[in-house]
There are 2 protein chains.
Amino acid sequence: MASKPAPQPTPAEEPAPEKGMRAHAKRNHEKLRVAANIVVAEQGADASLEEISRRAGLGSATLYRHYPTRLILLDIVFHDRVEALNAETAPLLTAADPGAALVTWVRTLAEHFTANLGLAKFLMLAEGAKELTSAHAQVRETGKKVLGRAQKAKAATADASIADLLDLVNSIVLANERDAARVRRLLDLAVGGIRR
Amino acid sequence: MASKPAPQPTPAEEPAPEKGMRAHAKRNHEKLRVAANIVVAEQGADASLEEISRRAGLGSATLYRHYPTRLILLDIVFHDRVEALNAETAPLLTAADPGAALVTWVRTLAEHFTANLGLAKFLMLAEGAKELTSAHAQVRETGKKVLGRAQKAKAATADASIADLLDLVNSIVLANERDAARVRRLLDLAVGGIRR
DNA sequence: ACCTGAACACCGTTCAAGT
DNA sequence: ACCTGAACACCGTTCAAGT
């Protein structure tokens, strides 16, 4: 058992060997991620970056080094949530009743959006920046198919595109993000229509 | 004609007589109002108060003296627009077709909201702060009656309240305030419903 | 009575200087 | 290679000091 394998004579003036630096940076990365999760949960997509670095115990410039843009940071924060949303809506693609599936799709989105403050705005920002990763693109793709199936079954108006539908959901969520019951009520109204 | 009615001996250390001061203050008031109109038209309800005072050529503290809260300032800025909206929607209360009147009411609101950046948010803020002046209250009252007539004629779902309807309109407008065509499209969808 | 510079407590973002 | 204090250009709001 060669327990001490001839350590490289690392100069004293260097704070740590390269491997140690990377490990240190990695720990900071992680600290920032954890802090971002907390602060974004509290403040949403517009969370103060200063506050995030403060909670991580680091300077704000370090946050910028690790996450050059807000969108990149939000992408890390919401990655798992987007995947969970996709997993939950996937079965709707083969559901027996396409009309009911569409309603469920809208309600599931609303649930995830109100349960995760900032998620709706993040998806909007990601679309606007055309930085769609596979995860976001899949939200839209699933929605498109669910809507298409409902339209083919004459269970949804042919007028609406997936862009319209996502925009409608996002608008209602953004304006009422902290009131899940209200979001659900307004979405049900919009899906059912006001006029008779 | 007693032209010089024994003027009070105003001390020299006072910069101007009371009447002059009031006129001066009134002019500043007006400068701020004009600047607010311009900047709010550009930036909406969240317009920078610093920018408004800068454009008025005054210190921001002076703005606070004249308009202690943002809501008070917005109330001045939007007063005429709210009255115009009320004037335009009033005939809908006696329109022949209550269902069509409801659709027109929604579209008229949308037009005014997109034509006047910040108006939708101002009305929301005013409701939240319970500082409804008669002008805002009338928007709601007219809407309530128009909706009620449509419901009585079985031309609108009995599920929707005026609060729901205003909230729906406001949500869609706020998220798409700079794209009037998009607002109209999404509102038509919501009024007509997605599901068949 | 009215106005204002300056202060205070915040932002987001960048960069020279440190290790 | 990585981190950070400090700077820069902004906010909204308040207040002592000026006239």
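Excluded from the calculations below are hydrogen atoms, water molecules and symmetry mates; all remaining heavy atoms, backbone and side chain alike, are included. Naming convention: chains lettered A, B, ... in sequence-line order (proteins, then strands); numbering from 1 in each chain.
Rounded to whole Å, atom C1' of C:dC2 lies 13 Å from atom CG of B:L32. Remark: P of D:dC2 and NE2 of A:H29 are 11 Å apart, rounded to the nearest angstrom. The nearest whole Å value for the distance from the NZ atom in A:K31 to the P atom in D:dC2 is 15 Å. To the nearest angstrom, P of D:dT14 lies 12 Å from CG of B:L63. Counting to the nearest Å, the C1' atom of C:dC3 and the OH atom of B:Y67 are 16 Å from each other. Distance A:R27 CZ to D:dC2 P: 13 Å, rounded to the nearest Å. Between B:I52 atom CD1 and D:dC10 atom C1' there is a gap of 16 Å when expressed in whole angstrom units. A straight line from CG of B:D46 to P of D:dC11 spans 13 Å, rounded to a whole angstrom.
As rounded to the nearest Å, D:dA9 and C:dA9 have P atoms that lie 22 Å from one another.
Phosphate proximity of D:dC3 to A:H66: present, with a side-chain N or O under 4.0 Å from OP1 or OP2.
Distance CH2/B:W105 to OG1/B:T142: 8.5 Å, rounded to 0.5 Å.
Partners of A:R182 by side-chain hydrogen bond (donor to acceptor under 3.5 Å, both in side chains), not counting sequence neighbours, listed by chain and number: B:D164, B:D167. Remark: A:F78 pairs with A:F122 by the ring pair (Phe, Tyr, Trp, His ring centres under 6.0 Å) rule, at least two apart or across chains.
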For nucleotides 4-7 of chain D, tabulate all protein N/O to nucleotide N/O atom pairs closer than 3.5 Å, reporting atom names and distance.
residue: D:dT4; atom: OP2; partner: A:T62; partner atom: OG1; Å: 2.7

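For the side-chain hydrogen bond (donor to acceptor under 3.5 Å, both in side chains) condition, the pairs that include at least one residue of residues 172-181 of chain B, sequence neighbours left out, are A:S171-B:N176. Judged as a salt bridge (charged side-chain N to carboxylate O under 4.0 Å, His left out), the pairs with a partner in residues 54-67 of chain B (not counting sequence neighbours) are, in order, B:E42-B:R55, B:E51-B:R54, B:E51-B:R55. A salt bridge (charged side-chain N to carboxylate O under 4.0 Å, His left out) check over residues 110-125 of chain B, counting only residues at least two apart or in different chains, returns the pairs B:D46-B:K121. Contacts classified as salt bridge (charged side-chain N to carboxylate O under 4.0 Å, His left out) and involving residues 83-108 of chain B (residues at least two apart or in different chains) are given here: B:R107-B:D188.
Closest to the side chain of A:R54, out of C:dG12, C:dC11, C:dC3, is C:dC11. If you check C:dT14, C:dC11, D:dG12 against the side chain of A:Y64, the one that comes closest is C:dT14.
Members clustered with B:L117: none, using a 4.5 Å side-chain heavy-atom cutoff among hydrophobic residues.
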Please convert DNA chain C into dot-bracket. A pair counts if it is Watson-Crick or G-U wobble with both distances under 3.5 Å; crossing pairs go in [ ] and bases paired with another strand get |. ||.|||||...|||||.||
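With contacts defined as side-chain heavy-atom distances shorter than 4.5 Å, the pair B:L92/B:K145 does not qualify.
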